[in-house]
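Contents: one structure, followed by commentary.
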Amino acid sequence: MQVFNTLSKRKEEFVPLHPPFVGIYVCGPTVYDDPHLGHGKSYVSFDVVVRFLRAKGYKVRYVQNITDVGHLLDEDGEDRVIKKARLEKLEPVEIAQKYEVRFFRDMDRLNCLRPDISCRASGHLIEMMELVSELLKRGHAYEVNGNVYFDISTFPDYGKLSRRKVEELRKGSRVEVAEDKRHPADFALWKRADERHIMKWPSPWGAGFPGWHLECSSMAMKYLGESIDIHGGGIDNQFPHHECEIAQSESATGKPFVKYWMHNNMVVMDEKKMSKSLGNFVTLDQLFRQYDPMTVRFFILQGHYRSPQEFSDEALQAAGRGLDRLARFREELLSFRNADEAVARSPFKEHKERFYRAMEDDFNTAAALSVLFDMIRDVQEHVFSSNNASAGAFACAVFEELAESILGLSFEKTAGSQGDDVSCLLDYLVEMRRMFRERKQWELADQIRNRLEKIGVVVEDGQTVSRWRKKQS
RNA sequence: GGCGGCGUAGCCAAGUGGCCAAGGCAGAGGUCUGCAAAACCUUUAUUCAGCGGUUCGAAUCCGCUCGCCGCCUCCA
């Protein structure tokens, strides 16, 4: 299996440090606002990575952090969480809690598996301080006025992930350099907090809070060991965040921190990166009012995780239609589910192999997805038209494994669309329409169909039964 | 200014040296149907931003030009 490693800038054969175990750490969200489509792309991408590694038989431990401590926003030392707390008139902890809940709510809707360990930065201050002490002890850090900085001159490899030279960093720098740093590129491990700062902790260097790269190093190493297999995150975190993680971790342990660095690309909107700070974002919650979460997942899967992805309503609608077709196909295939598949001599083994080959080539979900659509045509020929039950059963099992287990597409009806009062009424209206049709009272039958269409419900007449469904978007 | 990347049909998007350039959506024609919808079948880029070069052979490698983006500040 080939994985693109940002460290080497090429695809490498994937060999875990301690097979069959795989430790993967993915940078989690800062919980101060609702997650947007960009978060969706990132976490769906890594969800598929985890799902596929498990399908390949690896024992995966998936760790993801929750950043609830907040990072520096400006020179005043106010961080995003605190700023939001002031705006919403809540405690910082309430803000973090609130948006953590909403983050998982949206990830659940996208059918992302929960991480095996979801760890909050605020619960790991001890570990972070220990890391700072270790770096001080080893001479990789220095203390000035209650601030502790990492001394970049002690780590010659600094820049190896993002291909940057320390000398070049200074020139393009857009922020003012803190005066007490020895070198402008030195970064904070611990920051002193004044009285106004609400989120602060006592430490050997006085009251303060951790630097923004520290939590990932501490928690990744705590739960996955000093060297981990995969570290993932957004490409926009490559520098400085991941670069600093490497410097801290490797200086403290003397061991390689990460074997494979994986970075997902951005969602693009109006020709610009979708992000909070630019203001051109659409939250998942907003999106889900218009599109089914699975449509969003399907949309994400249609692109490659390392490519930028263009967001537009047209693209989302197209994704919805494509997913619809897959869902109908799956429903038809489901009638073969329990047939005897043991005797199957089927062409679908080949589809499975093609799918795996695509996924083994750096998780090419777009190519993998296309195999599913090829399957539609071939199942039509080898199962539906010949009513071949054993081939159908095999195809059904293959489809469930590929589409549902690995790609994480869920075709179960969303709650509220089944068994509630509205559904019962709709069922009755469709039944009524059927009676009109049997008596060839087309006008009355059409009237029902037209009226339902107006409230976004489509009626479809099949060979034997009529069905209704909610129209997407 | 430094580093990195992108430009493939109306839209989204795979493909990075060699069968006719995946797949989805939209479009066109057909089958089915009371009419629709859905489904199914067929079809849709002599061409991969442009110009040169390397090669028996390039969308894929190299050079230049044009356009665009990301990172260098928190960001998935």
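Below, chains carry the letters A, B, ... as their sequence lines are ordered, and counting in each starts from 1.
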Under 4.0 angstrom, heavy atoms only, what part of the nucleic acid is [X] near: base, sugar-phosphate, or nothing?
{"X": "A:Gln380", "result": "sugar-phosphate"}
{"X": "A:Gly303", "result": "sugar-phosphate"}
{"X": "A:Asn264", "result": "base"}
{"X": "A:Glu310", "result": "sugar-phosphate"}
{"X": "A:Ser307", "result": "sugar-phosphate"}
{"X": "A:Glu332", "result": "nothing"}
{"X": "A:Arg433", "result": "base"}
{"X": "A:His36", "result": "base"}
{"X": "A:Ile376", "result": "sugar-phosphate"}
{"X": "A:Asp461", "result": "base"}
{"X": "A:Arg449", "result": "base"}

field: Any donor-acceptor N or O pair under 3.5 Å, side chains A:Asp362, A:Gln2
entry: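 A:Gln2 and A:Asp362 do not have a side-chain donor-acceptor pair below 3.5 Å.
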Nearest-angstrom distance, [atom1] atom, [N] to [M]:
{"N": "B:A13", "M": "B:G70", "atom1": "P", "answer": "16 Å"}
{"N": "B:C51", "M": "B:C56", "atom1": "C1'", "answer": "23 Å"}
{"N": "B:G24", "M": "B:C19", "atom1": "C1'", "answer": "24 Å"}

field: Is_stacked (A:Trp442, B:G34) at 5.5 Å, 30 deg
entry: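 So yes, this residue stacks on that base, both cut-offs being met.
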Would you state whether a donor and an acceptor, one from the side chain of [X] and one from the base of [N], lie under 3.5 Å apart?
{"X": "A:Asp324", "N": "B:C25", "result": "no"}
{"X": "A:Asp446", "N": "B:G34", "result": "yes"}
{"X": "A:Arg467", "N": "B:A38", "result": "no"}
{"X": "A:Lys272", "N": "B:C69", "result": "no"}
{"X": "A:Arg163", "N": "B:C72", "result": "no"}

Using Watson-Crick or G-U wobble geometry with both distances below 3.5 Å, tell me the partner of [N], or none.
{"N": "B:C19", "value": "none"}
{"N": "B:G1", "value": "B:C72"}
{"N": "B:C61", "value": "B:G53"}
{"N": "B:A28", "value": "B:U42"}
{"N": "B:C66", "value": "B:G7"}

task: Return the 5'-most residue of the pair A:Glu443, A:Asp361 with respect to RNA chain B, ranking by each residue's nearest nucleotide.
output: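 Its nucleotide being nearer the 5' end, the pick is A:Asp361.
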query: Closer to the 5' end of RNA chain B via nearest nucleotide, is it A:Val268 or A:Asn265?
result: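 Residue closer to the 5' terminus by nearest nucleotide: A:Val268.
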Nearest-0.5 Å distance that lies between atom CG in A:Leu37 and atom OG in A:Ser42: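 Reported value, rounded in 0.5 Å steps: 11.0 Å.
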message: Would you say the rings of A:Phe4 and A:Phe363 are close, in the sense that their centroids are separated by under 6.0 Å?
response: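 Centroid distance A:Phe363-A:Phe4: not below 6.0 Å, so no.
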task: Count the heavy atoms belonging to other residues, nucleotides or ligands that lie under 6.0 Å from CZ of A:Arg451, then report whether that count exceeds 12.
output: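 No, CZ of A:Arg451 has 12 or fewer neighbouring heavy atoms, counting only those of other groups under 6.0 Å.
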query: If you take all heavy atoms of A:Glu88 and A:Ile95, which pair is closest and at what distance?
result: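 A:Glu88 and A:Ile95 have their closest heavy atoms at OE1-CD1, 3.7 Å.
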query: Reckon A:Asn364 has a side-chain N or O less than 4.0 Å from the OP1 or OP2 of B:G15?
result: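 The answer is yes; a side-chain N or O of A:Asn364 sits under 4.0 Å from OP1 or OP2.
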